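Nothing here was measured: the structure is a model prediction, and the numbers come from that model. Counting begins at 1 with the first residue of the sequence.
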Amino acid sequence: QVHLVESGGGLVQAGGSLRLSCEASGRPLSSYAMGWFRQAPGKEREFVAGISRSGRITLVADSMKGRFTISRDNAKNMVYLQMNSLKPEDTAVYYCAADISGSMVDVITNGYEYDYWGQGTQVTVSS
């Protein structure tokens, strides 16, 4: 089992940047494929980015490609989401998630496949 805690959210102006962090405790983070998701009020949860257990394979959703970057440091049990050129439509609660079933190179985009979730961190982008 793993416990996930997100941090780094906040209020930022459009065009600004934020770096979200997800700290894992319990089982080593290298056991899990990791992902970031977001959910805006009145909208469904949305895949943002995923990273394989090894960290060699990453995937960012098309609408965020070129602006968001996912990375991980297994030695520190940390996963990060660097968000640049933020837009008001990026406003949402951002969640990190862990999937134990992925191989060293799998990136999991389906939220239903993830086993553990953090409590979320609010990101608000003002226009």
### Message
Within the structure provided, determine whether V93 and T121 are in side-chain contact (heavy-atom separation under 4.5 Å).
### Response
no
### Query
Say you draw a straight line from CG of N77 to OG of S31; how long is it, rounded to the nearest 0.5 Å?
9.0 Å
### Task
Using side-chain contact (heavy atoms from CB on, under 4.5 Å) as the criterion, list what pairs up with A98, not counting sequence neighbours.
V2, L4, Y32, M34, Y116
### Task
Heavy atoms only: give me the nearest S30-N74 pair and the separation to one decimal.
CB-ND2, 3.6 Å
### Message
Checking V12 now: which residues fulfil side-chain contact (heavy atoms from CB on, under 4.5 Å) with it, not counting sequence neighbours?
### Response
L18, L86, V125
For residues 44-51, run the donor-acceptor check on the side chains, cut-off 3.5 Å, and write out each pair with its distance to 0.1 Å, sequence neighbours left out.
residue, atom, partner, partner atom, Å
E46, OE1, R38, NE, 2.8
E46, OE1, R38, NH2, 3.4

### Task
Output the distance between atom CD (E23) and atom CG (L29), rounded to the nearest 0.5 Å.
10.5 Å
### Summary
What one should report as the nearest heavy-atom pair of N84 and S17 is OD1-OG, 2.9 Å
### Task
May I have all residue pairs that pass salt bridge (charged side-chain N to carboxylate O under 4.0 Å, His left out) and include part of residues 48-66, sequence neighbours excluded?
D62-K65
### Message
Hydrophobic clusters here meaning ILVMFWY residues chained together by side-chain heavy-atom distances under 4.5 Å, can you tell me if F68 and V107 are in one?
### Response
no
### Task
State the OG-CE distance between S7 and M78, to the nearest 0.5 angstrom.
6.0 Å
### Steps toward side chain to side chain contact (heavy atoms under 4.5 Å, CB included) verdict (V123, T91)
CA-CA 5 Å; V123 171; T91 294; 5.9 Å; no
### Task
Output the distance between atom OH (Y94) and atom CH2 (W36), rounded to the nearest 0.5 Å.
10.0 Å
### Message
Quick check: closest heavy atoms across A92 and A40, and the distance to 0.1 Å?
### Response
CB-N, 3.8 Å
#### Entry: Residues forming a side-chain contact (heavy atoms from CB on, under 4.5 Å) with I108, sequence neighbours excluded
A33, D99, D106, E113, Y114
#### Entry: Spacing of CE belonging to M83 relative to OG1 belonging to T69, to within rounding of 0.5 Å
11.0 Å
### Query
Got a donor-acceptor contact below 3.5 angstrom from the E6 side chain to the Q119 backbone?
yes
### Query
Can you tell me if S52 uses its side chain to pair, donor with acceptor, with the backbone of V105 under 3.5 Å?
no
#### Entry: Set of side-chain contact (heavy atoms from CB on, under 4.5 Å) partners for K87, sequence neighbours left out
R67, E89, D90
### Task
Calculate, to the nearest 0.5 Å, the distance between atoms CH2 and SG belonging to W117 and C22 respectively.
11.0 Å
